[in-house]
Amino acid sequence: MDTKKSYGGLDVFKMIAAFLVVAIHTSPLQSFSAEADFFLTRELARLAVPFFFMVTGHFVLADRLWGEEKDFDSVRCYLGKVAALYGVAIVLYLPIGIYAGHYKGLTLFGALRMLIFDGTFYHLWYFPALLLGILLVCLLGRFCSLRAAMAVSGVLYLIGLFGDSYWGLISSVPGISTVYELGFWLFTYTRNGIFLAPIFLVMGAWMKQRAEEVKPVPNAVGFGVSFALMTAEGFILRYFKLQRHDSMYLLLPVCMFFLYGLLLTWNRKSIGAFRTISTWIYILHPAVIVVVRGGAKAIGASAVLVDNSLIHYLAVCVGATAAAVAVALVLAHFRRPSFERDRAWIELDMAALAHNVKTLQGLVPENCQLMPAVKAEGYGHGALLISRELNRLGVKAFCVASVSEGVELRKGGVKGEILVLGYTHPKQFDLLRRYRLTQTVVDYPFAEELERYGKKVRVHIAIDTGMHRIGIPCDRRDEIYRVFEMKNLKVEGMFTHLCVSDSKDAEKIDFTESQGKAFFALAEDLSKKGYTCPKKHLAASNGVLNYPEFAGDYARVGIILYGVQSTSEDRNRSGAAFRPVLSLKARVACVRELAEGEGAGYGLAFVAKRPTKLATITIGYADGLSRGLSQGKGSVLIRGHKAPIAGRICMDQTLVDVTDVPDVQTGDIAVLIGRSGNEVLTAYDMADALGTITNEIFTCMGARLTRTVKRR
Ligand SMILES: *Cc1c(COP(=O)(O)O)cnc(C)c1O
């Protein structure tokens, strides 16, 4: 089923690359031959860092900068993580750096140069280079195609080349060399985030697109030839003493292109631990060098451990690996475990959400903004996940049912206006201000209570035009006017709620129209009296679908945003089509056979009428699978076949009759809402079976469910 490509080859090479970096800093072959050591540390090992950059380009940048939808937010999140790691490394090497006199006489400018370009310890230049490189590539990603980004970063690489291995060619050319000297004053080397990192980051992103089509033989040949040529290039440059530094070769990007392609063809299982361990070998090996040298001196073993460069190298490799494994183990211990898609879960189709938002925006007039209802955990979908995604899609207003829901959104970083649609206890009035929430005036006495609170609060006034749930009755004009006069209430809007806008019945349509008329008549009276009420709104989902003439300043869309209506019978005058966002899934835990006449489950309520195969699935009524679906009232999809629920649904597990489903196995996915093969079960099916509405199905989703997001 899972056709996802494995990237184990890349993981293995990450370890190799880490040991190559250790070689650069220990010169393993120095005791034997200067040429051999040059080959190992200045040529072969130069493949390591570009490789790390390419992996980042491939896995972090490709989709986010050149995928279907740009996603700078998660790149920013990645930058934060790299910066944090850099911070840890800086602190780690501070004592060694101070001891070695690294920071003596350091000016502010020198410190900045270290921090941004050179790194605060010799190998740490990698981190600022990665950060700066990603920032630069993001800039390219914003404005150029991948091809153009390749060209720009290629030019940067060429410029860098002449400050590195090819310095000798231009060092005596007046003008040009002056420009470079100026550069060297800003950064010690050109192998940094501006000239070296971008090309490999972009190449990594490009490789992502090529990943499916790479072939082993051409890449192996290509790498062999280009690496041989690069070796020659390096020795020639060395012979003519042209190198100022030796990180950048003309042929290095070519070698990397073939090497990376070759590694992509190695389709072995990925080894996640190698990623962490190789990173920490990189970070820790200079400290291990200090420890090995110090330790050897202390026990009088320098002659063996240090003087023989190869043994020294091996000792450092062993030490660094041990230290890295230790760090990886400690980190694994503290990592928050993930339970995604393990037992019972919700899958959110964010592409569907984006489609629904766009469709709704097309239904309301230009000046009407969406103000999605994300109350009750975003109709069970996950309030934060949905609201953040809506923020990303440009939505800037939300409504919730309670202060606590509003606070949760704010704490999760949701931006824009948040309207609390219901009653708030006076004890919580402070929170309205602290979290910039807008409170609904649920009736006149509540307005007085809020006024007595004594501090400014933003409000929308609820107007009762016939639903008789909350709101100041529409005809009590004097009360409404008085709320506008209250000096602590900052009236930013008013709204009413339509209670029969789903109906096709002529009488109900009349009623809805009278609600709208009453509301707009009030608005007119207000402006005649000189009161300003910035925002007026009345339509929820059914209002938008059936009464486009009622669009106010906000459309408080709830259920339709999630892709369905309350029932499949509801009126939809717009004819617009929406896509369900939520799927509900679980796993098959085990499969067993029953003989005819045997019972199963609580009360032995299921009785096998024929030789029967039962699957037990990992979801129960505590997860939101209502007990009302027991005894075949509900079904699930397994391997593209529909299977009825057998017997009584339990709290955490459910039996399913899979006699007619071929080849069911432990670990199979059972779909309760959503698609499997060509079969679909909708929230309508479940709601109809239970005699309720989809809203209730969604909002009864259990707290134990995990949530997984799918973007396409
Ligand atoms: C819940 C709610 C909404 C959203 O209703 P849907 O029918 O789900 O679109 C809108 N307005 C108010 C006042 C609500 O309580």
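We number each residue from 1, following the sequence as shown. Whatever order the structure lists ligands and atoms in, that order sets their numbers, starting from 1. It should be emphasised that the depicted structure is a prediction, and the values quoted were computed from it without experimental measurement.
Using a 4.0 Å cut-off to heavy atoms of I559, the atoms of ligand 1 that qualify are 6 (P), 8 (O), 9 (O). Heavy-atom contacts of R469 reach the following atoms of ligand 1: 13 (C), 15 (O) (cutoff under 4.0 Å).
At the top of the distance list for atom 9 (O) of ligand 1, counting protein heavy atoms only, stands S541 OG, 2.4 Å. Nearest protein neighbour of atom 8 (O) of ligand 1, counting heavy atoms only, is Y379 OH, 2.5 Å. At the top of the distance list for atom 3 (C) of ligand 1, counting protein heavy atoms only, stands K375 NZ, 3.5 Å.
K517 NZ: 12 or fewer foreign heavy atoms inside a 6.0 Å radius.
Here A373 has side-chain heavy atoms under 4.0 Å from ligand 1, and that is the only part of it that gets that close. With a heavy-atom cut-off of 4.0 Å, H497 touches ligand 1 through its side chain alone. With a heavy-atom cut-off of 4.0 Å, M467 does not touch ligand 1 at all. Only the backbone of V557 comes within 4.0 Å of ligand 1, counting heavy atoms alone; no side-chain atom from C-beta on gets that close. Only side-chain heavy atoms of L421 come within less than 4.0 Å of ligand 1; its backbone N, CA, C and O stay farther off.
Between G558 and ligand 1, a contact under 3.5 Å exists for at least one N or O pair. The distance criterion of under 3.5 Å between nitrogen or oxygen atoms is not met by A540 with respect to ligand 1. Where the criterion is an N or O separation shorter than 3.5 Å, residue side chain and backbone included, R556 meets it with respect to ligand 1.
Under the 6.0 Å distance and 45° angle rule, R648 does not count as a cation-pi partner of F606.
A donor atom on one side chain and an acceptor atom on the other are found under 3.5 Å apart for D71 and S74.
Ionic pairing of R704 and D623 is present here: one or more N-O contacts between side-chain nitrogen and carboxylate oxygen are shorter than 4.0 angstrom. No salt bridge links E479 with R477; every basic N to acidic carboxylate O contact stays at or beyond 4.0 Å. A salt bridge links E389 to R711: at least one charged side-chain nitrogen sits closer than 4.0 Å to a carboxylate oxygen.
Applying the ring pair (Phe, Tyr, Trp, His ring centres under 6.0 Å) test to pairs two or more places apart or on separate chains, those with a residue in residues 474-505 are Y481-Y531, F484-Y531, F495-H537.
Between D668 and the choices R639, R587, K585, the salt bridge (charged side-chain N to carboxylate O under 4.0 Å, His left out) rule is met once, by R639.
For K455 (side chain) and R433 (main-chain N/O), no donor-acceptor pair under 3.5 Å exists by modelled atom type.
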